[in-house]
Student: 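Take a look at this one; I'll ask things after.
Every value quoted in this text rests on a predicted model; they were computed, and no experiment measured them.
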Amino acid sequence: MTETSPRLHAGLPLAAGSLALDLAAIVLFAAAGRNTHEHGLAVVGILLTAAPFLIGALIGWAVVRGWRRPIALWPTGVAVWLAAVVLGLALRGLAGGGLAVSFQIVTFLVLGALLLGWRALATLFIKLRFRRRVE
């Protein structure tokens, strides 16, 4: 039987690597924001800035059971992205952090690009690699 589409078996290494990429993307977002606004790049400061969004992303992972299809744009990528944004902004607001509309828009767009972007690239890579194997 010839397989007609690539399959990814979401084992522990794939799920752990995908989760690590999501968390790293959020830390990168926080570091870039702190650098842009001259708040310094101390590791503790970056992690405190990233914390609400990291918590949101982890909740998104749990709700959608992201370990099952960790690189899927839908539902995993979208759920992690929206949870990181919505819950992250809510937690940031509860902690007394700024919630300017411009920050909310930037958060939505940048985290979308980062959290969905690496998944889109991974999916493209897998499809191209699969196509080469079939030919």
Side-chain angles (χ1 to χ4, degrees):
M1 182 170 157
T2 304
E3 194 169 336
T4 58
S5 65
R7 288 189 178 181
L8 269 182
H9 300 286
L12 182 59
L14 180 61
S18 298
L19 178 60
L21 279 172
D22 282 340
L23 300 180
I26 292 168
V27 170
L28 176 66
F29 163 71
R34 289 183 62 84
N35 188 49
T36 298
H37 297 288
E38 300 178 7
H39 292 296
L41 293 177
V43 173
V44 172
I46 293 168
L47 292 177
L48 285 173
T49 300
F53 304 99
L54 293 169
I55 292 167
L58 289 170
I59 291 170
W61 259 82
V63 167
V64 78
R65 293 184 274 187
W67 55 88
R68 289 184 171 186
R69 295 183 56 214
I71 68 165
L73 283 168
W74 176 261
T76 308
V78 172
V80 171
W81 167 44
L82 294 178
V85 171
V86 173
L87 298 176
L89 288 171
L91 291 170
R92 179 181 167 92
L94 289 172
L99 292 175
V101 173
S102 59
F103 176 70
Q104 294 177 42
I105 293 168
V106 168
T107 300
F108 180 80
L109 295 175
V110 173
L111 287 181
L114 293 173
L115 297 173
L116 299 178
W118 78 258
R119 285 180 170 85
L121 290 173
T123 300
L124 178 64
F125 174 78
I126 291 165
K127 285 183 179 182
L128 290 174
R129 192 167 172 202
F130 178 77
R131 185 183 308 164
R132 287 185 192 158
R133 278 194 206 164
V134 173
E135 291 175 353

Student: Side chains of Thr49 and Arg34: donor-acceptor distance under 3.5 Å anywhere?
Tutor: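 Result is yes, a qualifying pair exists.
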Student: Do Leu82 and Val85 share a hydrophobic cluster, counting only Ile, Leu, Val, Met, Phe, Trp and Tyr and linking them when any side-chain heavy atoms are less than 4.5 Å apart?
Tutor: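 As far as the 4.5 Å side-chain criterion goes, Val85 and Leu82 are connected within one cluster.
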Student: I'd like to know if the side chain of Asp22 pairs up with that of Trp118 as donor and acceptor (distance under 3.5 Å, no hydrogens or angles considered).
Tutor: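 On atom types as modelled, these side chains qualify, holding a pair under 3.5 Å.
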Student: Taking Val27 as the starting point, is it possible to reach Trp61 by hopping between hydrophobic residues whose side chains are less than 4.5 Å apart?
Tutor: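 Yes; Val27 is reachable from Trp61 via cluster members.
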Student: Which is it for Trp67 and Ser18 under the side chain to side chain contact (heavy atoms under 4.5 Å, CB included) test, yes or no, and what are the steps along the way?
Tutor: CA-CA 8 Å; Trp67 55 88; Ser18 298; over 6 Å; no
Student: Locate the shortest heavy-atom distance separating Ile46 from Ala30; write the atom from each residue and the value.
Tutor: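 Residues Ile46 and Ala30, closest heavy atoms: O-CB, 3.8 Å.
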Student: Is the shortest heavy-atom distance from the side chain of Ile55 to the side chain of Leu87 under 4.5 Å?
Tutor: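 Side chain of Ile55 against side chain of Leu87, heavy atoms only: no contact under 4.5 Å found.
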Student: Within this structure, what is the CZ-NE2 distance for the pair Phe103 and His37, rounded to the nearest 0.5 Å?
Tutor: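 If I round to the nearest 0.5 Å, the distance is 8.0 Å.
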Student: The test is side chain to side chain contact (heavy atoms under 4.5 Å, CB included); show your working for Leu89 and Thr107 and say whether it passes.
Tutor: CA-CA 9 Å; Leu89 288 171; Thr107 300; 4.3 Å; yes
Student: Any side-chain to backbone donor/acceptor pair from Trp81 onto Thr76? Under 3.5 Å, distance only.
Tutor: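 No; zero donor-acceptor contacts below 3.5 Å.
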Student: Would you say Leu121 ends up clustered with Val80 if hydrophobic residues are merged whenever their side chains have heavy atoms under 4.5 Å apart, either directly or through other cluster members?
Tutor: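 As far as the 4.5 Å side-chain criterion goes, Leu121 and Val80 are not connected within one cluster.
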Student: Considering non-hydrogen atoms only, spot the tightest contact between Ala84 and Ile26 and give its length.
Tutor: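 Taking every non-hydrogen atom into account, CB-CD1, 4.3 Å.
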Student: When clusters are formed by joining ILVMFWY residues with side-chain heavy atoms under 4.5 Å apart, either directly or through shared neighbours, do Val63 and Leu23 land in the same one?
Tutor: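 No, because Val63 and Leu23 fall into different hydrophobic clusters, even though each may have its own neighbours under 4.5 Å.
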Student: What I'd like to find out is whether the side chain of Val78 reaches to under 4.5 Å of the side chain of Leu73, using heavy atoms alone.
Tutor: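 They are not in side-chain contact.
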Student: With the 4.5 Å side-chain cut-off for hydrophobic clustering, are Leu116 and Leu111 part of the same group?
Tutor: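 Yes, same cluster.
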Student: Can you classify the ring geometry of Phe53 versus Phe29 as parallel (below 30°), tilted (30 to 60°) or perpendicular (above 60°)?
Tutor: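 The arrangement is perpendicular - the two ring planes meet at more than 60°.
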Student: Ignoring hydrogens, what is the shortest heavy-atom contact between Arg92 and Leu99? Give both atom names and the distance.
Tutor: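 What the structure gives for the nearest pair is CD-CD2, 4.3 Å.
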Student: Quick check: does any side chain N or O of Arg119 sit under 3.5 Å from a backbone N or O of Leu115, one acting as donor and the other as acceptor?
Tutor: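 Judged by distance alone, yes, a pair lies under 3.5 Å.
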